[in-house]
**Student:** 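Handing you a structure now.
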Amino acid sequence: MARTVIASAVRVPWHSRHGGYDRLLDYLPEACRVTAPQGIRSQKIAAAAHRFVRGRCPLPFYPAEHFAADWRVLTGRGPAHVLYGDEQFWLSRHRPGPTAVTYHQPPDRLARFMPATAWRKLVLRANQIITLSPNQQEFFTSCLPAERVHLIPHGIDTDAFAPAGTPDASARPLILTVGWWLRDWDVLDAVHDRLHRRHGNDIDLVVVTRQADRRTWHPATRVLEGITELTLTMLYRQAAVVLLPLTGATANNALLETLACGTPVVTTDTGGIPYYAGNGPAAILTPPGDAPAATEAVDKLLAELGTADHARRRSAARERAELFAWPRIAEQIRSVYGLLEDER
């Protein structure tokens with residue numbers, strides 16, 4: 001490619017070291033990372049300017065750090081990629097150079113940010129839109145020609161998240177839940193209660209999350225917060241099943257990390273989840289809000305432990321994740337960068 005693409009790289013603080021969408025840039029050497037300024041003086045200037053702009057920005061999450069990175073994208077020359085349009089593509093909508101924007105949130109949440117007329121004005125400033133799942137397509141093609149809206153999935157580091165044998169058959173089966181955003185805690189509580197009544201202390205119910213003190217957990221649930229990525233990866237590998245009840249989704253980091261570690265998943269049939277989980281043995285999808293169905297799915301996987309069926313599920317999970325390995329995704333993004341170069 002003749003020219004470098006500048007790309008805003010805001011690190012989501014609760015993502016693990018090798019997780020998160022900004023890892024994409026590790027596989028795109030033609031992309032130049034643009035971050036918020038690090039100097040104290042620059043940060044103070046950015047904070048002062050942010051106080052003036054924030055009240056005019058309808059995006060619900062637009063902190064000073066994101067504003068500062070957005071400003072640098074605005075003033076940068078040539079093609080640009082805004083990696084988190086949901087919380088950055090505001091000032092940079094005025095940039096003269098060709099711009100691609102990735103959106104992460106489900107369409108119902110995007111629709112709450114601002115009226116449809118305001119969305120139309122905003123996305124028309126982007127040359128190319130990248131969506132992460134099919135359920136976002138209609139939202140953006142209602143504003144832009146379909147050829148400017150690209151479905152390119154979220155990726156996963158299949159080296160950092162990888163299988164390591166099979167779980168210890170003598171240990172208590174681990175039912176693991178990971179994450180915080182758009183999690184269906186009511187379903188999780190109900191499933192944990194049902195499983196505990198059936199199995200008692202013969203199973204280990206573990207939740208890895210943030211803001212753990214903001215809600216009351218089932219007494220049998222063991223809650224972990226602030227663990228290392230190494231510990232998280234070990235939990236994925238040791239789990240008999242990862243349970244991810246959701247209220248909505250496009251991509252889901254925990255789902256991809258689980259599959260990459262070769263662990264079967266029980267998750268909600270919502271949003272982009274079928275697109276990532278597939279229709280094979282790697283995942284069992286249950287209806288939204290259906291705790292009994294989720295419980296039966298977990299029990300089905302527990303009953304298969306130590307069998308050839310369980311081994312097939314683990315192999316299928318890894319194979320599914322490899323479809324989303326970052327080098328594959330980077331090649332698809334590179335094709336969009338080529339379109340930006342053509343529009344200079």
Side-chain angles (χ1 to χ4, degrees), residues 1-13 15 20-59 61-105 113 118-119 121-132 140 143-144 148-150 152 154-155 326 329-344:
M1 185 168 291
R3 297 186 65 177
T4 298
V5 175
I6 61 172
S8 61
V10 171
R11 184 70 182 154
V12 177
H15 285 165
Y21 192 65
D22 61 300
R23 286 301 314 280
L24 165 68
L25 301 183
D26 294 344
Y27 301 85
L28 290 168
E30 63 268 37
C32 176
R33 293 173 185 261
V34 174
T35 61
Q38 301 301 310
I40 294 177
R41 184 171 180 272
S42 297
Q43 289 178 358
K44 287 182 177 179
I45 293 172
H50 175 257
R51 285 192 292 271
F52 176 76
V53 171
R54 182 65 186 95
R56 295 165 173 78
C57 177
L59 301 179
F61 189 68
Y62 193 62
E65 178 188 9
H66 292 197
F67 160 80
D70 207 21
W71 178 270
R72 297 183 75 178
V73 173
L74 169 68
T75 57
R77 295 184 177 183
H81 181 190
V82 178
L83 270 67
Y84 284 90
D86 324 68
E87 51 198 53
Q88 279 194 283
F89 188 54
W90 185 246
L91 273 183
S92 55
R93 76 192 193 278
H94 296 300
R95 68 187 314 273
T99 308
V101 185
T102 299
Y103 282 94
H104 295 249
Q105 294 303 318
F113 291 2
W119 267 112
K121 291 179 182 178
L122 177 62
V123 299
L124 282 171
R125 303 305 298 263
N127 299 79
Q128 309 293 332
I129 295 289
I130 298 170
T131 63
L132 299 180
F140 290 104
C143 302
L144 286 174
R148 290 170 59 185
V149 180
H150 310 272
I152 302 178
H154 198 298
W326 275 125
I329 306 307
E331 279 303 310
Q332 296 177 58
I333 294 289
R334 191 169 280 118
S335 68
V336 175
Y337 287 2
L339 295 175
L340 295 181
E341 185 68 19
D342 292 341
E343 296 183 56
R344 285 196 301 115

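Along the sequence shown, residues are numbered consecutively beginning with 1.
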**Student:** Applying ring-ring contact (aromatic ring centres under 6.0 Å, His included), can you list everything that pairs with F61, at least two apart in sequence or on another chain?
**Tutor:** H66
**Student:** Could you pull out all residues at least two apart from W71 that satisfy ring-ring contact (aromatic ring centres under 6.0 Å, His included)?
**Tutor:**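 Applying ring-ring contact (aromatic ring centres under 6.0 Å, His included) to W71 gives none.
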**Student:** Under 3.5 Å, side chain of R148 to main-chain N/O of A126, donor-acceptor pair present?
**Tutor:**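 A pair under 3.5 Å: yes.
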**Student:** Once side-chain hydrogen bond (donor to acceptor under 3.5 Å, both in side chains) is applied, do any residues pair with R23, and if so which ones, sequence neighbours excluded?
**Tutor:** D26, D157
**Student:** Going by the rule side-chain hydrogen bond (donor to acceptor under 3.5 Å, both in side chains), which residues pair with Q332 if we only count those two or more places apart in sequence or in a different chain?
**Tutor:** none
**Student:** Partners of H81 by ring-ring contact (aromatic ring centres under 6.0 Å, His included), sequence neighbours excluded?
**Tutor:**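 Listed in chain order: Y337.
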**Student:** Looking at every non-hydrogen atom in both residues, tell me the closest pair between L340 and P79 and how far apart they are.
**Tutor:**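 Residues L340 and P79, closest heavy atoms: CB-CB, 3.9 Å.
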**Student:** Between the main-chain N or O of I333 and the side-chain N or O of H150, is there a donor-acceptor pair closer than 3.5 Å?
**Tutor:**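 Answer holds: no.
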**Student:** Could you list the residues that satisfy side-chain contact (heavy atoms from CB on, under 4.5 Å) with V34, not counting sequence neighbours?
**Tutor:** I6, R72, V73
**Student:** Under the rule for side-chain contact (heavy atoms from CB on, under 4.5 Å), what residues qualify as partners of A49, not counting sequence neighbours?
**Tutor:** F67
**Student:** Give me the atom names and distance for the closest heavy-atom approach of G97 to T99.
**Tutor:** O-OG1, 3.1 Å
**Student:** Over all heavy atoms of both residues, which pair between A330 and L28 is shortest? Give the atoms and the distance, please.
**Tutor:**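 Smallest heavy-atom distance, with atoms named: O-CD2, 3.6 Å.
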**Student:** Looking at Q88 and L59, what are the two nearest heavy atoms and their distance?
**Tutor:** N-CD1, 4.0 Å
**Student:** On a heavy-atom basis, which atom in G85 and which in V101 lie closest, and how many Å separate them?
**Tutor:** CA-CG1, 3.4 Å
**Student:** Give a yes or no on whether the backbone of F52 and the side-chain of R56 come within a donor-acceptor separation of less than 3.5 Å.
**Tutor:** yes
**Student:** Without swapping roles, check the side chain of D22 against the backbone of L83 for a donor-acceptor pair under 3.5 Å.
**Tutor:** no
**Student:** Please name the pair of heavy atoms, one in Y62 and one in V53, separated by the smallest distance, quoted to 0.1 Å.
**Tutor:** CE2-CG1, 4.4 Å
**Student:** After noting the C-alpha distance and the side-chain angles of K121 and R93, does the key distance pass the side chain to side chain contact (heavy atoms under 4.5 Å, CB included) rule?
**Tutor:** CA-CA 10 Å; K121 291 179 182 178; R93 76 192 193 278; over 6 Å; no
**Student:** What residues form a side-chain contact (heavy atoms from CB on, under 4.5 Å) with A64, not counting sequence neighbours?
**Tutor:** H50
**Student:** Excluding sequence neighbours, so at least two apart, what forms ring-ring contact (aromatic ring centres under 6.0 Å, His included) with Y103?
**Tutor:** W119, F140
**Student:** Is the backbone N or O of C57 less than 3.5 Å from a side-chain atom of R54, with the two atoms forming a donor-acceptor pair by type?
**Tutor:** yes
**Student:** Can you tell me how far the OG atom of S335 sits from the CD1 atom of I152, to the nearest 0.5 Å?
**Tutor:** 5.0 Å
**Student:** Listed by chain and number, what are the side-chain hydrogen bond (donor to acceptor under 3.5 Å, both in side chains) partners of Y27, not counting sequence neighbours?
**Tutor:**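 Y27: no side-chain hydrogen bond (donor to acceptor under 3.5 Å, both in side chains) contacts found.
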**Student:** Measuring from atom CG of L132 to atom CD of Q105, what distance do you get when rounded to the nearest 0.5 angstrom?
**Tutor:**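 Reported value, rounded in 0.5 Å steps: 10.0 Å.
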**Student:** Applying side-chain hydrogen bond (donor to acceptor under 3.5 Å, both in side chains), name anything that partners N127, two or more places apart in sequence or on another chain.
**Tutor:** E343
**Student:** First locate atom OH of Y21, then atom NE2 of H154, and finally report the distance between them rounded to the nearest 0.5 Å.
**Tutor:** 7.5 Å
**Student:** Could you grab the distance from atom OG1 of T75 to atom NE2 of H94, nearest 0.5 Å is fine?
**Tutor:**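 Output value for this atom pair is 13.5 Å.
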**Student:** For D86, which residues count as a salt bridge (Lys or Arg N to Asp or Glu O under 4.0 Å) partner, sequence neighbours excluded?
**Tutor:** none
